[in-house]
2 protein chains.
Amino acid sequence: MAAKKPSIREVAAYAGVSTATVSNVFSGRKPVNDELRKSVLAAAEHLGYRIDRAASQLRSGRTRIIAVLVPDLTDTFFATIVSRLETQAFQEGYDVIVASSHDDPSVESSRLKALLSWRPAGLIAVPCSSSIPAELIEIEKTLPMVLVDRVASEGAIADTVTIDNREAGEVAASHLLEHGHRDIVIAVSDLDFPPIFERAEGAASLIAERTGVRPVTLKLGSNMEMGAKTFSDWMERNAPPGAVIALTNVTTLSVLSALAEHRIAIPDKTSIVAFDDYAWMAARNTGLTAIRQPVDRIAETAWKRLELRMDKGTEAAVEPSVLKASLVVRDSVRDLGSRKPDPVGGDAEAGALAGERVLAASGQGQDIH
Amino acid sequence: MAAKKPSIREVAAYAGVSTATVSNVFSGRKPVNDELRKSVLAAAEHLGYRIDRAASQLRSGRTRIIAVLVPDLTDTFFATIVSRLETQAFQEGYDVIVASSHDDPSVESSRLKALLSWRPAGLIAVPCSSSIPAELIEIEKTLPMVLVDRVASEGAIADTVTIDNREAGEVAASHLLEHGHRDIVIAVSDLDFPPIFERAEGAASLIAERTGVRPVTLKLGSNMEMGAKTFSDWMERNAPPGAVIALTNVTTLSVLSALAEHRIAIPDKTSIVAFDDYAWMAARNTGLTAIRQPVDRIAETAWKRLELRMDKGTEAAVEPSVLKASLVVRDSVRDLGSRKPDPVGGDAEAGALAGERVLAASGQGQDIH
DNA sequence: CGATCGCTGTTAAACGATTAACAGTTAAAC
DNA sequence: GTTTAACTGTTAATCGTTTAACAGCGATCG
């Protein structure tokens, strides 16, 4: 029955060649006569031989493992990234080992240690807070890695892939302002996350600039139920806002939930601009206007960058990739009389941003599952 | 400094002990004098030593890898399972390597091969179709494994974890029937998936039994947009149904999307019972009544079973675990005059089922993120 | 014609951990 | 006082690959 897993030696013996030849057949590092190759393949097939990655990796020092660390696999945003990475990696002959930090720095640290002991060929990580864990800094120069999403675009220690979060915040705010909204609340998860901070900053400062007052910012955390409670409580002490910008998919859920509980109609009573474009946002009667992050391109870019690093070594200068989000207009923003604001002239930079800001997209995203 | 990864030998030399002792310190297989242990730990710390899993695995034959295969990581249902498994596995000192088959049997097969070449300690798989891939059958007796969700509960080749899909379908149908609905459509993804088939069967046969006619079954596939199109087309040729049972989260989305497009009010015009309970279902004004699968318990049960197998070997008799889904009542089913139907007397089995069927749950699920 | 090269194949030494077998030391037992 | 047992530590073989070094053998070259 050949019950116990056969080794390369058995195959070699069965095919009447040396182990080196078998190895060459499978790795393709050296050419092998076609006849021999065939008999090796036949022998392998017959014995049910499969190469032992552990032995292979130990000897060669090379590894076909990509370590992926995310804060939470349950969040579709991260799950989608992992999914795309896994597909890409597999196509290039890598396997992916995942770990999730559950947004806890100490878990993150120990997961990282575990991942690193595989001596992976590369690492793609979404850190859980703004402070890069010590483990990463330590091995930064020896391991190809790229940091995604939850990173400050400034003093990065490695290649990064993010979206232009400040602009994304501005686009959301701008959309509301252009529809005549002034009473705007910004719902954030946690300002310690760099992308959230930047989105909030982008939105808040644009609103301040146009209206003269900084909007209220509500911290709802990363848990939907608790966020809904917080927002609900706030609405009981204050009037329901005319509009809210929800900077995260779970804050969006929190806000929606609280709004539903209070029977506040969208967009009649309060308008909403969501973040992260998911299928469920489009599927109901008043679809949600949202800022779509190009998840696929984020994953793709991260992979490309990692491949580059793995080829070229870790010496080359660190480079940040910044992608653009886009606005998907649906029905959740009420038009209070579209007084097109004067294009905030005078300031060249503002002009340029305003140009970028025309990011409206219409169709369904085929990239969103 | 200490650029190149140090081996156990360096640590041993630095601490002035043998490699065996270092190994014992880290594996804990044999006791080590406390003083020595400390100096070994210090040496390891100082040199930045981390055990090399490949070498460890090669030598010991044991491995701390759990292979996990799912059809699609992008689907929150599977992502949640993977996430829970990863957490559990990590707690027991295992690492998880994931692969997704993208619902394609040939991809599934090659991913499986890749996974197996790691010689994992265990495998948890959600097959993509009803036919178990040959790779699995082949290694069935040598590798602890458990099959989840997409498996027929009957002639399983390995331990399985599923929900009672037939009953789940019956509960959904029963809920509609009890609210006076007769014009019911069943929206399925793909009847080749055993759980879908069983849900459909459960619902359809109960409806047939109570109303005398078998309900229409619509196949919407696994892609939301295409499913929406299909359902939309169907509604143009027929009247919008009085109620629909959507047997999957993506069919739910398809149905909702088509309904929204046609501006059909829920539940005034058509009622809906969804499957899989996600946060977004509760967050809007008319929350969706849904059958909740106990995702967490599915994952937990799968893990427990796998642990058992890994301990006890693969000889013990195969055992299926069948969990119960529950009905979460919200606002998407209209009451057409609750004529409580006579408990379908005479049939003992039907009576028993009717008893089981009182599965209503009320609160939010804290297990749903 | 001898040297050189290209092409294929083999031999044998690693890779870094684990672990069976063994050995030294001290304490308890008889 | 010798035996036994309990601890704790070391030596060295070994896991299944990869790969540098080498070897055989036509063909090509000068």
- Message: Pick the closest DNA chain D nucleotide for B:Val17 and for B:Ser60 by heavy atoms, then say which residue is nearer the 5' end.
- Response: B:Val17
- Item | A:Leu58 or A:Ala20, whichever maps to the more 5' nucleotide of DNA chain D | A:Leu58
- Query: Sequence neighbours excluded, which residues qualify as salt bridge (Lys or Arg N to Asp or Glu O under 4.0 Å) partners of B:Asp159?
  - Reply: B:Arg305, B:Arg309
- Item | Residues that A:Lys304 engages under salt bridge (Lys or Arg N to Asp or Glu O under 4.0 Å), provided they are two or more places apart | none
- Task: Look at the side chain of A:Glu319 and the backbone N and O of A:Ala158, then say whether any donor-acceptor pair between them is shorter than 3.5 Å.
- Result: no
- Note on the structure: The ring-ring contact (aromatic ring centres under 6.0 Å, His included) partners of A:Tyr94 (sequence neighbours excluded) come to A:Trp303
- Query: How far apart are the C-alpha atoms of A:Asp192 and A:Ser129, what are their side-chain angles, what is the distance that settles it, and do they pass the side-chain contact (heavy atoms from CB on, under 4.5 Å) test?
  - Reply: CA-CA 7 Å; A:Asp192 279 349; A:Ser129 76; 5.7 Å; no
- Query: Through what angle, rounded to 10 degrees, does the axis of the helix from C:dC1-D:dG30 to C:dC30-D:dG1 turn between its ends, using five pairs per end?
  - Reply: 50°
- Message: Within the 4.0 Å heavy-atom criterion, would you say A:Ser23 contacts the bases, only the backbone, or no part of the nucleic acid?
- Response: base
- Item | Contact list for DNA chain C against residues 49-57 of chain A - heavy-atom distance below 4.0 Å | none
- Message: Taking side-chain hydrogen bond (donor to acceptor under 3.5 Å, both in side chains) as the definition, give me every residue that meets it alongside B:Glu300, ordered by chain and number, with sequence neighbours left out.
- Response: none
Could you tabulate the donor-acceptor pairs under 3.5 Å formed by side-chain atoms of residues 15-26 of chain B, not counting sequence neighbours?
| unit_1 | atom_1 | unit_2 | atom_2 | d |
| --- | --- | --- | --- | --- |
| B:Ser18 | OG | B:Ala20 | N | 3.4 |
| B:Ser18 | OG | B:Thr21 | N | 3.3 |
| B:Ser18 | OG | B:Thr21 | OG1 | 3.3 |
| B:Asn24 | ND2 | B:Ala20 | O | 3.3 |

- Report yes if the side chains of B:Cys128 and B:Pro105 come closer than 4.5 Å at any heavy-atom pair, otherwise no. yes
- Note on the structure: Contacts satisfying salt bridge (charged side-chain N to carboxylate O under 4.0 Å, His left out) that involve residues 96-111 of chain B (not counting sequence neighbours) are A:Glu86-B:Arg111, A:Asp95-B:Arg111, B:Asp103-B:Arg150
- Query: If you look at every strand shown and take non-hydrogen atoms under 4.0 Å, does A:Thr21 touch a base, only sugar-phosphate, or nothing?
  - Reply: base
- Item | salt bridge (charged side-chain N to carboxylate O under 4.0 Å, His left out): pairs with one or both residues in residues 20-35 of chain B, sequence neighbours excluded | B:Asp34-B:Lys38
- Query: More than 12 foreign heavy atoms under 6.0 Å from CZ of A:Arg297: is that the case here?
  - Reply: no
- Message: Taking A:Glu92's backbone N and O only, do any of them form a donor-acceptor pair with A:Arg64's side chain (distance below 3.5 Å, no angle check)?
- Response: yes
- Item | Contact boundaries on DNA chain D for chain A, cut-off under 4.0 Å to non-hydrogen atoms | D:dG16 to D:dA21
- Length of the line joining B:Glu10:CD and C:dA17:P, which is rounded to integer Å: 9 Å
- Query: Heavy atom of residues 27-39 of chain A under 4.0 Å from DNA chain D: which residues?
  - Reply: A:Arg29, A:Lys30
- Could you pull out all residues at least two apart from A:Phe77 that satisfy ring-ring contact (aromatic ring centres under 6.0 Å, His included)? none
- Rounded to whole Å, the CZ-C1' distance (B:Arg9 to C:dT18) equals 12 Å
